[in-house]
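Note sheet for the following structure.
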There are 2 protein chains.
Amino acid sequence: MALTRGHIVDAAMGILREYGLADLSMRRLARDLEVQPGALYWHIKNKQDLLTVLAGLILEPVGESVSPRGLALDIRGALLSVRDGAEVVALAWALDPEAPSPLLRLRTLLMGQGLAIGEARWGADALAHYILGAVTQEQTRAGLLRAGLLDGSGTGTDASFEFGLGLFLSGLAATAAGAASG
Amino acid sequence: MALTRGHIVDAAMGILREYGLADLSMRRLARDLEVQPGALYWHIKNKQDLLTVLAGLILEPVGESVSPRGLALDIRGALLSVRDGAEVVALAWALDPEAPSPLLRLRTLLMGQGLAIGEARWGADALAHYILGAVTQEQTRAGLLRAGLLDGSGTGTDASFEFGLGLFLSGLAATAAGAASG
DNA sequence: ACCTGAACACCGTTCAAGT
DNA sequence: ACCTGAACACCGTTCAAGT
């Protein structure tokens with residue numbers, strides 16, 4: 001039965017959700033779809049391309065929050081909802097920093113906060129680094145915990161994320177205020 | 001001539017500096033050292049272990065700066081001085097968040113800034129996420145540029161790093177001031 | 001004690017050949 | 001147009017056997 005790009009993407013997302021990024025290989029994907037590995041390359045360019053598509057799907061549920069804070073929390077939620085979601089998005093972002101639209105939207109929102117275009121870009125990038133780094137660490141710890149390589153004495157990840165986010169936003173507010181009065 | 005742990009680490013660091021993390025495989029390392037791959041495992045536990053040692057070496061030149069700002073800049077400098085340095089340290093940090101000592105020192109310095117122990121930990125973690133994320137992106141872009149997969153229109157990475165760092169530090173200052181007056 | 005040889009169980013990607 | 005079969009050039013890790 002006709003293999004399509006859609007089937008491949010669905011199966012890939014399934015492996016990612018259930019087994020994580022380490023188990024998402026092109027050969028494993030082919031096995032699950034009951035085709036030869038080479039067949040995948042008729043429908044997709046390469047693995048990187050596939051991961052970029054997955055990154056887009058992971059971020060799809062992110063809504064249209066009007067505050068940087070709300071958007072940041074939404075992005076974190078979307079990343080957390082897929083195993084290794086942060087790592088996949090970080091990879092896609094590294095290869096094409098203009099691709100993930102919620103990250104671009106972050107930039108737009110910061111401009112609305114009174115930052116110049118250049119500063120808004122830098123600020124949004126810094127915030128994106130923080131979000132992706134923090135969630136990657138959360139998900140890595142979750143993975144180590146599953147593997148029994150860690151004792152689960154994790155102190156409130158929600159609170160720590162919000163604290164770090166608060167640091168950023170209060171720094172942004174101070175910078176915007178300084179620019180307005182300067 | 002006697003293969004030692006030191007020789008392995010030196011050769012590994014050599015490959016990292018010259019060719020980057022993607023080329024640092026156990027088999028390539030064995031080839032360079034003119035031994036069989038299995039020989040490496042008499043001296044080191046596994047690849048992860050080796051990378052942890054390299055992460056320590058990368059951070060070794062970081063000095064004893066007394067300001068969070070100075071320390072952050074020193075850490076960035078150390079990471080930039082080795083190809084894919086940020087990625088290697090990020091990996092080591094993910095597996096053992098208490099291992100890289102400059103990152104722990106960051107925590108200590110933040111406590112000196114008037115933050116409580118819990119907040120200092122979260123603040124230092126957030127700052128570490130930012131530093132590692134920002135430098136990883138710089139180094140990834142450098143890699144893509146080398147591979148000719150990117151046109152080199154990079155806008156001042158030093159300035160953008162300092163801007164993001166400033167956001168953090170001004171947020172920290174505000175939080176510390178709030179705690180002192182509250 | 002330290003290393004070789006050889007294996008095990010994998011990778012991503014390409015491409016002639018078939019249908 | 002779409003897929004198979006088979007290959008190419010790799011991985012990390014283990015372990016009996018040699019010295």
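To find a chain, count down the sequence lines: A is the first, B the second, and so on, and within it residues start at 1.
Straight-line distance from the CG atom of B:Asn46 to the P atom of D:dT13: 5 Å, rounded to whole Å. Atom NZ of A:Lys47 is separated from atom P of D:dC10 by 18 Å (rounded to the nearest Å). To the nearest angstrom, P of C:dA7 lies 13 Å from CZ of B:Arg27. The CH2-C1' distance, from A:Trp42 to D:dA1, rounds to 6 Å in whole Å. We find that CG of B:Leu29 is positioned 12 Å from P of D:dT13, with the value rounded to whole Å. Atom C1' of nucleotide C:dC11 and atom CG of A:Leu24 are separated by 13 Å, given to the nearest angstrom. Whole-Å rounding puts the A:His43 NE2 to D:dA1 P distance at 12 Å. Between A:Arg31 atom CZ and C:dC11 atom C1' the separation is 11 Å, expressed in whole Å.
Under a hydrophobic clustering in which Ile, Leu, Val, Met, Phe, Trp and Tyr are joined whenever their side-chain heavy atoms come within less than 4.5 Å, directly or via other members, A:Met111 and A:Leu109 fall into different clusters.
Two residues are said to be in side-chain contact when any heavy atoms from C-beta on lie closer than 4.5 Å; B:Thr175 and B:Leu172 fail this criterion. Two residues are said to be in side-chain contact when any heavy atoms from C-beta on lie closer than 4.5 Å; B:Arg76 and B:Thr157 meet this criterion. In this structure the side chain of A:Ile131 never reaches within 4.5 angstrom of the side chain of A:Leu103, judged on heavy atoms. Side chains of B:Leu165 and B:Leu127 form a contact here, defined as non-hydrogen atoms less than 4.5 Å apart.
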Classify every nucleotide of nucleotides 14-19 of chain C by which part a protein heavy atom approaches to under 4.0 Å, writing B for the base, S for the sugar-phosphate alone and - for neither, in 5'-to-3' order. BB----
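A close approach under 4.0 Å does occur between a side-chain nitrogen or oxygen of A:Gln36 and OP1 or OP2 of D:dG5.
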Could you go step by step and tell me if A:Glu98 and A:Arg107 meet the salt bridge (Lys or Arg N to Asp or Glu O under 4.0 Å) rule? CA-CA 11 Å; A:Glu98 310 290 305; A:Arg107 197 188 289 175; 3.4 Å; yes
Please evaluate residues B:Val88 and B:Val82 with respect to the criterion side-chain contact (heavy atoms from CB on, under 4.5 Å), reporting the C-alpha separation (whole Å), side-chain torsions for both, the decisive distance (0.1 Å), and the verdict. CA-CA 10 Å; B:Val88 172; B:Val82 178; over 6 Å; no
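Taking a pair as Watson-Crick or G-U wobble with both distances under 3.5 Å, DNA chain D forms stems of 3 or more consecutive pairs at C:4-8 with D:12-16, C:12-16 with D:4-8.
The salt bridge (charged side-chain N to carboxylate O under 4.0 Å, His left out) check on B:Arg83 picks up nothing, with sequence neighbours excluded. In terms of the side-chain contact (heavy atoms from CB on, under 4.5 Å) criterion, residue partners of A:Ser25 (sequence neighbours excluded) are, by chain and number, A:Arg27, A:Arg28.
Sorted by first and then second residue, the ring pair (Phe, Tyr, Trp, His ring centres under 6.0 Å) pairs involving residues 63-117 of chain A (not counting sequence neighbours) are A:Trp93-A:His129.
Ring pair A:Tyr130/A:Phe161 is parallel by interplanar angle, where below 30° counts as parallel and above 60° as perpendicular.
As rounded to the nearest Å, D:dC10 and C:dA9 have P atoms that lie 23 Å from one another.
A heavy-atom distance below 4.0 Å to DNA chain D is reached by none of the residues of residues 82-95 of chain B.
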